[in-house]
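Note that ligands are numbered from 1 as they come in the structure, with each ligand's atoms numbered from 1 the same way.
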Amino acid sequence: MTIVLGAIADDFTGATDLANNLVRGGMRCVQVIGVPNTLPNLSQVDAVVVALKSRSCPVDEAVTDSLAALEWLQEQGARQIFFKYCSTFDSTDKGNIGPVADALLERLGASQTVMVPAFPINGRTVYQGHLFVGDRLLNDSGMQNHPLTPMNDADLVRVLSRQTPHAVGLANRATLAQGAEATRQRLATLAADGVRHVICDTVEESDLDVLAEATVTQALVTGGSGLGQALPAQYRKQGWLADIAEPGRLQPASGSTMVLSGSCSRATLAQVDDFLARHPGAGFALDPLALAKDDKQWEQALAFAFEHLEQEAPMLIYASADPEKVKAAQAELGVEKAGFLVEEALSQLAVTLVTEGVGRLLVAGGETSGAVVSALGIKAMRIGEQIDPGVPWTQATLGQREAPLSLALKSGNFGGVDFFTRAFEVLP
Ligand SMILES: Nc1ncnc2c1ncn2[C@@H]1O[C@H](COP(=O)(O)OP(=O)(O)O)[C@@H](O)[C@H]1O
Ligand SMILES: O=C(O)[C@@H](O)C(=O)COP(=O)(O)O
């Protein structure tokens, strides 16, 4: 059995976001954590997303890991490769979007790829090559303050030109409005001029359909998850993909529920408040300063969790805090140590409580999700139905549990305000 699409994602929650949109487009999808050592069961799988941690690591490491993922996906017969990065184009002048895209193109023997970061349903659009988050330009959206990849320029042609020695061009909305054939011609003209990377405008969902039709036979496409929702229809037109009745069907969920949150993004903070208001007494706050002192707070959190587990009551354990508190902890401990202490505490809680009966687990935060998934030893996740745009339920098989673990990984900025409650209500 060979797969249709092979994707390489630069972080874990981003991978799940893309996988979610592929399922919505009608593909059966598995997300693997890193390049697998042993072959997962790929029967009845149309797309595989390899989740890497290559967004903020050194360029050489990102390139090496991405090429290893490419090689593995080619071995699985992937007809098209998708390089997934953030819808806010998170990167620096050094990379890693440009260098990884260049390396993938070179290895594939291809001369051009499109860059489609947009995700209109979540407010990310591109016009005349400029990226907007809602009604703000990227550099005025809050992303200019990102600790690792501050985005100070919304002009993606300019941003990408600093990351690659190759020419970067634009396929703008006026071209897209003329349809797929005109877009294909524009790409061909740019290719003839030696343009290797083409930033693509996207104002509405329908622009993604045009882009998918224009690029379905290209060896490599790159972007956010939006394009992933439009590609499956084109694969069907090519005769590569059958009509699948329930591509996101998972086994019935079982076990107790738990939310772990290490995200301090605005959306998550509102979700924490909403959960605490709905479920008085169901939250336990972790503080990196207390965690740094001794094991007392971790033990209290564990006792709190066991009590709720016994009562089969909803629970949230969170380090999520407002910017002042985060800054204070970081000033005393350092950014890395504060983050590490929180990630370690939440990961160890996950490992202990999954063994004790938690079977429905929601994790908020990209880095936090990476830490929890790694600590649980998860190697592959089957992708289920969407909870909110960009976040699906997934299922993973684990040694510690007979039944699969239902797991949702929420990127910090995603999800409605009642996400921590509603997620469990929509889980079959
Ligand atoms: N109270 C806190 N003080 C300092 N750092 C924290 C605190 N709570 C969480 N963190 C750290 O902040 C980071 C949040 O990143 P992440 O999990 O990727 O969330 P998001 O997706 O919202 O960016 C993690 O490394 C986490 O451990
Ligand atoms: O494309 C997106 O916006 C997301 O899929 C994504 O990559 C989010 O990253 P984090 O906010 O770091 O989780």
Side-chain angles (χ1 to χ4, degrees), residues 7 9-22 31 49 51-56 82-91 97 116-125 131 133 138 141-143 145-149 151 222-229 260-272 285-292 297 317-347 363-373 388-392 409-415:
D10 67 357
D11 84 344
F12 288 15
T13 41
T16 313
D17 172 17
L18 173 62
N20 174 58
N21 274 352
L22 295 171
Q31 173 174 335
V49 182
L52 300 178
K53 270 182 161 288
S54 55
R55 185 172 292 175
S56 318
F82 193 130
F83 169 34
K84 159 73 176 68
Y85 39 79
C86 193
S87 60
T88 41
F89 216 74
D90 298 15
S91 53
I97 296 175
V116 189
F119 191 11
I121 199 164
N122 270 351
R124 277 70 157 165
T125 55
L131 180 53
V133 178
L138 177 64
S141 69
M143 284 305 295
N145 300 320
H146 192 284
L148 300 176
T149 50
M151 300 305 291
T222 85
S225 66
L227 186 61
Q229 197 175 320
L260 296 176
S261 178
S263 160
C264 300
S265 294
R266 257 184 244 162
T268 306
L269 295 180
Q271 289 155 355
V272 169
L286 292 172
D287 172 5
L289 292 170
L291 292 170
Q297 189 174 66
I317 302 178
Y318 62 101
S320 313
D322 59 38
E324 283 80 50
K325 268 200 191 150
V326 173
K327 269 191 204 134
Q330 289 175 336
E332 192 160 331
L333 301 167
V335 174
E336 245 176 60
K337 189 165 180 200
F340 173 78
L341 284 165
V342 167
E343 287 168 30
E344 187 65 9
L346 292 175
S347 300
V363 187
E367 290 297 321
T368 310
S369 294
V372 168
V373 164
D388 269 347
V391 200
L409 306 180
K410 189 194 82 75
S411 157
N413 289 310
F414 288 175

Any side-chain heavy-atom pair of S261 and T368 under 4.5 Å: no

D388 side chain reached by K410 side chain, heavy atoms, under 4.5 Å: no

4.5 Å side-chain heavy-atom contact, F89 and I97: yes

Under 4.0 Å from ligand 2 - residues by heavy atom, chain and number: D11, T13, G14, D17, R55, K84, Y85, C86, S87, G366, S411, F414

Flag side-chain contact, heavy atom, 4.5 Å: L22 against F82: no

Those protein residues which place at least one heavy atom below 4.0 Å from ligand 1: G262, S263, C264, S265, P288, A319, A321, V326, A329, A338, G339, V342, E343, G365, G366, E367, T368, G412

Side-chain heavy-atom pair K325, D287 within 4.5 angstrom cut-off: no

Sequence-distant partners of E343, salt bridge (charged side-chain N to carboxylate O under 4.0 Å, His left out), two or more places apart: none

Side chains of R124 and N413 in contact at under 4.5 Å (non-hydrogen atoms): yes

All side chain to side chain donor-acceptor pair (under 3.5 Å) counterparts of Y85, not counting sequence neighbours: T222

Side-chain heavy atoms of V49 within contact of K84, under 4.5 Å: no

